[in-house]
Amino acid sequence: MTNREFDEQFRRRGAVLLGGIDEAGRGPLAGPVFAAAVILDPARPVEGLNDSKKLSEAKREALFDPIREQAVAWAVASASVEEIEKYNILGATFLAMRRAAEQLQPAAQLLLVDGNRMPPDLPVPARTIVKGDALSETIAAASILAKVSRDRLMMELARQYPQYAFDRHKGYGTALHYQCLDQYGPSPVHRRSFLKKWMAERGKS
């Protein structure tokens with residue numbers, strides 16, 4: 001079954017306005033977490049949709065505008081570093097997902113949520129889909145919008161904080177990123193709760 005056929009089974013059951021939600025940026029040491037929600041138009045298909053992690057950066061960028069131009073509705077939202085610290089990363093991810101879902105106009109009749117955890121207080125009925133970004137074309141589209149949007153923000157942060165090389169690692173915990181942290185310490189956009197082990201190893205508070 002293709003990812004398009006996977007979605008079509010839900011439309012045949014009555015969810016004509018089928019939405020997908022996915023996140024980007026749960027794992028990095030810095031920057032917000034993003035989420036996107038998309039309702040695709042079966043009459044205007046976007047070719048080549050797949051889990052954003054399986055696509056090259058160039059392919060994700062090439063799909064970004066077609067998804068937005070051909071979808072019935074789309075929305076991108078985020079939760080800040082401060083919200084990640086306040087609510088923890090899962091709570092902040094759910095917050096970003098809810099924000100994206102609430103912005104969809106028209107609203108979805110059913111939302112497919114990537115993963116096995118249901119965000120609370122979504123505005124419409126929803127169901128979780130494990131490995132949904134690989135199974136569902138709609139979730140794949142959301143994963144691409146979320147990933148590209150977050151990567152673009154990290155490029156902006158790279159210009160604000162050039163010493164951290166955010167343009168190269170996008171905030172993930174690479175060897176280069178830890179080298180930058182060793183040299184310069186955390187920036188205002190680092191998630192301090194993600195750096196507890198690093199700080200403990202270096203006697204930092």
Hydrophobic clustering (ILVMFWY, side-chain heavy atoms < 4.5 Å, transitive) - are W74 and V72 grouped together? no

Least distance between heavy atoms, L40 atom then A141 atom: CD2-CB, 4.1 Å

How close do G31 and L157 get, heavy atom to heavy atom, and via which atoms? CA-CD1, 4.5 Å

In the structure I gave you, are the side-chain heavy atoms of Q179 and Q183 within less than 4.5 Å of one another anywhere? no

Verdict with supporting geometry, E8 and R11, salt bridge (Lys or Arg N to Asp or Glu O under 4.0 Å): CA-CA 5 Å; E8 194 56 37; R11 295 191 185 100; 3.3 Å; yes

Within-4.5 Å side-chain heavy-atom neighbours: P28 and R150: yes

Could you grab the distance from atom CD1 of I144 to atom CZ of R68, nearest 0.5 Å is fine? 13.0 Å

What closest approach, in Å, do E23 and A146 show between heavy atoms, and which atom pair accounts for it? C-CB, 4.1 Å

Separation of S136 OG from I21 CD1 (nearest 0.5 Å): 11.5 Å

Is there side-chain contact between E57 and V148, with at least one heavy-atom pair below 4.5 Å? no

Evaluation steps, side chain to side chain contact (heavy atoms under 4.5 Å, CB included), between I67 and L49: CA-CA 9 Å; I67 292 170; L49 294 179; 3.7 Å; yes

Working to the nearest 0.5 angstrom, can you tell me the gap between H177 NE2 and H190 NE2? 3.0 Å

NZ of K147 to CG of D51: how many Å apart, nearest 0.5 Å? 11.0 Å

Exam field: side chain R117 to backbone F94, donor-acceptor pair closer than 3.5 Å: no

Is a donor from one side chain sitting under 3.5 angstrom from an acceptor on the other, for T128 and N116? no

If the threshold is 4.0 Å, N to carboxylate O, is there a salt bridge linking R152 and E61? yes

As a quick check of understanding, evaluate side chain to side chain contact (heavy atoms under 4.5 Å, CB included) for I89 and R191, giving each step before the final call. CA-CA 10 Å; I89 186 59; R191 307 172 182 178; 3.8 Å; yes

In terms of hydrophobic clustering (I, L, V, M, F, W, Y; side-chain heavy atoms under 4.5 Å; direct or indirect links), are V124 and M97 co-clustered? yes

Indicate, with yes or no, if L104 and V113 share a hydrophobic cluster defined by side-chain heavy-atom contacts under 4.5 Å among Ile, Leu, Val, Met, Phe, Trp and Tyr. yes

Roughly how far, to the nearest 0.5 Å, is the CG atom of L176 from the CZ atom of F166? 10.5 Å

Between E83 and K86, does at least one N-O distance fall below 4.0 Å, as a salt bridge requires? no

In chain order, what residues pass the side chain to side chain contact (heavy atoms under 4.5 Å, CB included) check against S78, with sequence neighbours excluded? P32, F34

Closest heavy-atom pair, T138 versus G20, reported as atoms and distance to 0.1 Å, is CG2-N, 3.0 Å

Salt-bridge present (R4, E47; N to O < 4.0 Å): yes

Do side-chain atoms of S143 reach the backbone of S52 as a donor and acceptor pair under 3.5 angstrom? yes

Start with the C-alpha distance between V189 and Q160, add both sets of side-chain angles, then the distance that settles side chain to side chain contact (heavy atoms under 4.5 Å, CB included), and finish with yes or no. CA-CA 10 Å; V189 297; Q160 292 181 44; 6.0 Å; no

Rounded distance (nearest 0.5 Å) linking atom CE of M199 with atom OG of S193: 8.5 Å

Donor-acceptor pair, D7 side chain versus E137 backbone, under 3.5 Å? yes

Start with the C-alpha distance between R202 and D182, add both sets of side-chain angles, then the distance that settles salt bridge (Lys or Arg N to Asp or Glu O under 4.0 Å), and finish with yes or no. CA-CA 9 Å; R202 287 151 184 81; D182 287 340; 2.6 Å; yes

Members besides M1 in its Ile/Leu/Val/Met/Phe/Trp/Tyr cluster (side-chain heavy atoms under 4.5 Å): F6, F10, L18, L110, L112, I129, L135, I139

So which atom in A92 and which in Y87 form the shortest heavy-atom distance, rounded to 0.1 Å? N-CB, 4.1 Å

Is the backbone of Y164 close enough, under 3.5 Å, to the side chain of H169 for a donor and an acceptor to pair up by distance? yes

Please check this pair: side chain of Q109 against backbone of L17, looking for a donor-acceptor N/O pair closer than 3.5 Å. yes

What pair of heavy atoms forms the shortest contact from L29 to G173, and how long is it? CD1-CA, 3.7 Å

Give the cluster check for L55 versus F64: same hydrophobic cluster or not, with ILVMFWY residues linked at side-chain heavy-atom distances below 4.5 Å. yes

Shared hydrophobic cluster, V76 / L153 (ILVMFWY, side-chain heavy atoms < 4.5 Å): yes

I'd like to check T174 versus R168 (side-chain heavy atoms, cut-off strictly below 4.5 Å). Are they in contact? no

